[in-house]
Amino acid sequence: MTAIVLHPEIEEALDRHAPVVVLESAVLTTGLPNRPWESNWDRAALTRAVPDWDPEAPLASELQHRMEQSVRDHGCVPCTTALIEGRLHLGIDSADARRLMSEGLGHKVASTTLAMGMGTGRSAGTTVSAALDACTLLRNRVEHDAWAPVLATGGIGGVHRGWSQRPDISADLMALSRTRACVVSAGSKSILDMTATLELLESIAVPVLGWRTDRWPAFTSSPPADTPSVESIDDLQDLGRICSHHWQDLGKSSAILLANPLATELTLEHEEMERLIAAAEDDATARGLDGAARTPFVLGWIADRTGGRSVAANLALLLSNARRAAEAASMLAGPHLANP
Ligand code: PSU
Ligand code: MN
């Protein structure tokens, strides 16, 4: 039994230097419920966000399927990463996905806990930091130095609110500072301190580019008036040039973050979201919730108070990021890398 399981389709794609889009899976096991759309949530909000979504489908499983399909529709190979019974899978099939969504439900591993999860035979979704470890494993198998994977997530982990009392900072940030990959996200998750997260990305020298926006996206919310700015690009050729300077000419080994904002008409009003986050956090504290139980409680609380609109927006931005990642991967792999 090997500790790393490389799916044959991914192995073949790496041999061809084909464009690969890596998908993290903590969003599937911990970020979204794996139940059908709730009957008391607003169906119209779901239809607006993802027009042909079947409300009976379990949300996370359906999302995994759709993100992979969307990557394929753009001519790229999807590589969902997951920890299944102690083995790190680089690429999963539908049987693996079912095992992940049963045994791994409610669990996630980060770069910090990946080896522990492997050593104790656990199943869990991989956060961005663990998926970036997977990106390094993929790159190590490709002899062409210019090849790099593109990773899609919803929002990266980052600096938590209240960081001055307790420096709760996601391992995603340090992983971004040491991994050659292009990462597509709609900013950082909304329950974080978004401005502090962007500041820290600057400190650790991770370039942040905005896709057709000069504002740091606020995940499912509309960006507030005082939102910090980022460098805007509106052409993927620019991304290609920047990646090539960063990795080839300058020899850097950090990620490049492409911030892809959710379509404005699908965002939730910023003030409303801030109010809900604060109230949900207060309720979580009053109930004495800590650690792993806290975030799902907060997300569920907000989902119920918005009639599922926060979930619909999260689904829409994840799908949009997968599409953007595939476009970026196709451009980065370009004809100069092809190995037919
Ligand atoms: N994006 C989402 N929902 C999520 C995540 C991202 O829309 O749940 C996950 C990603 O896997 C990210 C992780 O890496 O949250 C960050 O978790 P932590 O703060 O525990 O490092
Ligand atoms: Mn944390």
Side-chain angles (χ1 to χ4, degrees), residues 22-34 49-50 59-60 63-64 66-67 80-83 100-101 104-114 117 124-135 151-163 166-177 179 181 183-194 196-197 200-201 206 217-221 255 257 259-262 266-268 273 277 290-300 302-303 309-322 324-325:
V22 172
L23 301 168
E24 53 104 349
S25 56
V27 63
L28 306 172
T29 57
T30 64
L32 287 163
N34 197 32
V50 196
L59 290 170
L63 174 73
Q64 195 259 337
R66 282 182 178 243
M67 286 178 82
T80 300
T81 59
L83 183 68
L100 173 67
M101 296 314 294
L105 199 66
H107 304 287
K108 64 179 174 181
V109 279
S111 185
T112 322
T113 49
L114 187 51
T126 46
T127 66
V128 168
S129 66
L132 283 168
D133 288 343
C135 288
L151 187 156
T153 181
I156 57 166
V159 181
H160 282 260
R161 297 173 188 220
W163 52 266
R166 176 176 162 173
D168 183 352
I169 298 169
S170 171
D172 287 0
L173 295 184
M174 293 312 286
L176 286 164
S177 78
T179 312
V183 175
V184 180
S185 83
S188 67
K189 296 193 288 179
S190 44
I191 54 171
L192 302 173
D193 184 329
M194 298 188 225
T197 299
L200 201 53
L201 283 165
V206 173
F219 197 59
T220 51
S221 303
L257 186 62
N260 184 40
L262 174 64
L266 297 177
T267 55
L268 287 91
M273 271 302 277
I277 293 167
D290 221 333
R294 203 176 162 98
T295 304
F297 172 84
V298 168
L299 294 178
I302 295 170
R309 279 184 300 130
S310 61
V311 177
N314 202 348
L315 293 173
L317 69 82
L318 279 152
L319 286 164
S320 163
N321 291 349
R324 192 76 62 225

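In what follows, every heavy atom counts, from backbone to side chain, and hydrogens, waters and symmetry copies are set aside. Counting starts at 1 for both ligands and their atoms, in listed order.
Looking at Thr29 and Leu100, their side chains come closer than 4.5 Å, going by heavy atoms from C-beta outward. At a threshold of 4.5 Å between non-hydrogen side-chain atoms, the residues Ser221 and Thr267 do not count as touching. Put simply, the side chain of Ser129 does not reach to within 4.5 Å of the side chain of Thr112, judged on heavy atoms. Taking 4.5 Å as the limit, some side-chain heavy atom of Ile277 sits within range of a side-chain heavy atom of Ile302.
Taking each heavy atom of Thr220 and Ala313 in turn, the nearest pair found is CG2-CB, 3.7 Å. Residues Phe219 and Gly155 approach most closely at CE1-N, 3.4 Å, considering heavy atoms. Minimum interatomic distance between Leu151 and Ala131 (heavy atoms only, all atoms of both residues): CD1-CB, 3.6 Å.
With ligand atoms numbered from 1 in the order given, ligand 1 contributes 17 (O), 18 (P), 20 (O) to contacts under 4.0 Å with heavy atoms of Lys108. With ligand atoms numbered from 1 in the order given, ligand 1 contributes 7 (O) to contacts under 4.0 Å with heavy atoms of Asn314. Using a 4.0 Å cut-off to heavy atoms of Asp172, the atoms of ligand 1 that qualify are 12 (C), 14 (O), 16 (C). Atoms of ligand 1 lying under 4.0 Å from any heavy atom of Phe219, numbered from 1 in the order shown and given with element: 2 (C), 7 (O). Contact atoms of ligand 1 toward Thr153: 1 (N), 6 (C) (distance under 4.0 Å to a heavy atom of the residue).
Checked against a 3.5 angstrom limit, the closest N/O atoms of Val128 and ligand 1 fall inside it. Close N/O approach between Ser170 and ligand 1 is found [any backbone or side-chain N/O within under 3.5 Å]. Inclusion of Thr30 in the set of residues having an N or O under 3.5 Å from an N or O of ligand 1 is not warranted. The distance criterion of under 3.5 Å between nitrogen or oxygen atoms is met by Lys189 with respect to ligand 1. Here's the thing with Ala26: none of its N/O atoms is less than 3.5 angstrom from an N/O atom of ligand 1.
For the pair Ser25 (side chain) and Thr81 (backbone), a donor-acceptor distance under 3.5 Å is present.
Contacts between Ile156 and ligand 1 below 4.0 angstrom, taking non-hydrogen atoms only, are absent altogether. Contact annotation for Thr127 and ligand 1: heavy atoms of both the backbone and the side chain come within less than 4.0 Å of the ligand.
Using a non-hydrogen distance threshold of 4.0 Å, Ala110 does not register as a contact of ligand 1.
Taken from OG in Ser170 to CG in Leu192, the straight-line distance is 8.0 Å, to the nearest 0.5 Å.
Residue Gly155 holds the heavy atom nearest to atom 6 (C) of ligand 1 of all those in Gly155, Ser25, Ala171.
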